[in-house]
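We name chains A, B, ... by the order of the sequence lines, and we start the count at 1 in each one.
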Protein chains: 2
Amino acid sequence: MDREIYEYRARILKAMANPSRLMIMDTLSSGEKSVAALQEMIGSDISTVSKHLSVLKSAHIVIDRRSGAQVFYRLAVPCILDFFSCVNMVIQSDAEKSGRVASMIG
Amino acid sequence: MDREIYEYRARILKAMANPSRLMIMDTLSSGEKSVAALQEMIGSDISTVSKHLSVLKSAHIVIDRRSGAQVFYRLAVPCILDFFSCVNMVIQSDAEKSGRVASMIG
DNA sequence: TTCTTGTTTGGTAGTATGACCAATCACGCA
DNA sequence: TGCGTGATTGGTCATACTACCAAACAAGAA
């Protein structure tokens, strides 16, 4: 088996596999945002947000653009979010089994 | 923002974000397999494979079925693999930029 | 140049991951 | 009941993640 391709894919998934980073991606789906704007959404320290963004950038999930003192980030490949229509199926089948409410799906 | 849904999604992505587990998922896309069969594909210790499977099972990505002494695993939600048509776009745009070969995409 | 705003980087601490070996459990058969 | 095969669990170690604070950096205004 070609291990390299799986390592590459894993790197991308790993970059996504964090609640704050998923929030960031979701926020960016409606257009580019500055670090400060994202920080307001997420609520953690701005240095933490900046590091999350650098993780997403290293994985080529977001692209940055400087404008004066601000840096704006946007999704490089918006289809990345389509994935969750399937993830939601996992959540759904789990929620049904455990009797949790459908509001989990969002 | 509803942090709970992002934590749930992150848990699923985290469960997927490992090369061996992606190999397992890919292998299971062609039908259910025993732990020993998967171990042969992956190459690591069988205890390691078993632990990977338990991670995937906890995330409701795979379902197990016992038959005699053997346990067979299969994908719970096969669409989970569709995701990679998009992940490949990330790989592709990255590969173009860095001049890496298209064989990365597999 | 100096100040201010916006962002990134360095350092640290606590927690989680992933690999292996050894031991245990589950099942079917003698 | 005792054996053998197949799978899981416990223990350990090295490595990686994620949060925060503090310090440094980048750009524009005074």
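Each of A/R21 and B/Q70 was assigned the nucleotide of DNA chain D with the nearest heavy atom; the assignment lying further toward the 5' end belongs to B/Q70. When the nearest nucleotides of DNA chain D are assigned to A/S67 and A/A17 by heavy-atom distance, the more 5′-ward of the two goes with A/A17.
Atom CG in B/L13 sits roughly 17 Å away from atom C1' in C/dA16 (whole-Å rounding). Between the CD atom of A/Q39 and the P atom of C/dG6 there is a distance of 11 Å, given to the nearest Å. Nucleotide C/dG6 holds its C1' atom 14 Å from the CG atom of A/D64, rounded to whole Å. In this structure, CD of A/E40 is placed 12 Å from P of C/dT7, rounded to the nearest angstrom. Atom CG in B/L53 sits roughly 16 Å away from atom C1' in C/dT17 (whole-Å rounding). Summarising the geometry, the separation between CZ on A/R3 and P on C/dG18 is reported as 11 Å, rounded to the nearest angstrom. For the pair A/M16 CE and D/dC17 C1', the interatomic distance rounds to 18 Å; values are reported in whole Å. In this entry the distance linking NE2 of A/H52 with C1' of C/dT9 reads 15 Å, nearest Å.
Of the listed nucleotides (C/dC20, C/dG18, D/dC20), D/dC20 has the atom at the smallest distance from the side chain of A/S44. With C/dG10, D/dA26, D/dC21 as the candidates, the nucleotide lying closest to the side chain of A/K51 is C/dG10. Side-chain atoms of B/A69 lie closest to D/dT5 of the nucleotides D/dA7, D/dC21, D/dT5. In the set D/dC20, C/dT8, D/dA19, the nucleotide with an atom closest to the side chain of A/D45 is D/dC20. For B/T48, taking side-chain heavy atoms from C-beta onward, the closest of the listed nucleotides D/dC21, C/dC27, C/dC20 is C/dC20. Taking every side-chain heavy atom of A/I46 into account, C/dT8 is the closest of D/dC20, C/dC21, C/dT8. Among the nucleotides D/dA7, D/dA26, D/dA16, the one closest to the side chain of A/K14 is D/dA16.
Checked by atom type, the side-chain pair A/N18/B/Y6 shows no donor-acceptor distance below 3.5 Å. Counting only N and O atoms by type, the side chains of B/R11 and B/S58 include no donor and acceptor under 3.5 Å apart.
In this model, a side-chain donor or acceptor of A/S47 finds a partner on the base of D/dC21 within 3.5 Å.
The 12-atom threshold is not exceeded at NZ of A/K57, counting heavy atoms of other residues, nucleotides or ligands nearer than 6.0 Å. Within 6.0 Å of the CD atom in B/E7, the count of heavy atoms belonging to other residues, nucleotides or ligands exceeds 12.
For the pair B/M16 and B/I80, the minimum side-chain heavy-atom distance is below 4.5 Å.
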Exercise. Can you list the steps and then say if B/Y73 with B/L28 is a side-chain contact (heavy atoms from CB on, under 4.5 Å)?
Worked result: CA-CA 7 Å; B/Y73 284 85; B/L28 293 182; 4.2 Å; yes
For this session: Any chance you could lay out the side-chain contact (heavy atoms from CB on, under 4.5 Å) test for A/L22 and B/I5, step after step, and finish with the verdict?
Result: CA-CA 10 Å; A/L22 289 175; B/I5 179 69; over 6 Å; no
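When heavy atoms are screened at a 4.0 angstrom cut-off, A/F72 is found touching no nucleic acid atom at all.
The minimum heavy-atom distance linking A/K14 with B/A17 is given by the pair N-CB, 3.5 Å.
Between A/Y73 and the phosphate of C/dG6, there is no side-chain N or O to OP1/OP2 separation shorter than 4.0 Å. Taking side-chain N and O atoms only, B/N18 has no distance below 4.0 Å to OP1 or OP2 of C/dT17.
Residues of residues 28-37 of chain A having a heavy atom closer than 4.0 Å to DNA chain C, listed by number: A/S34, A/V35, A/A36.
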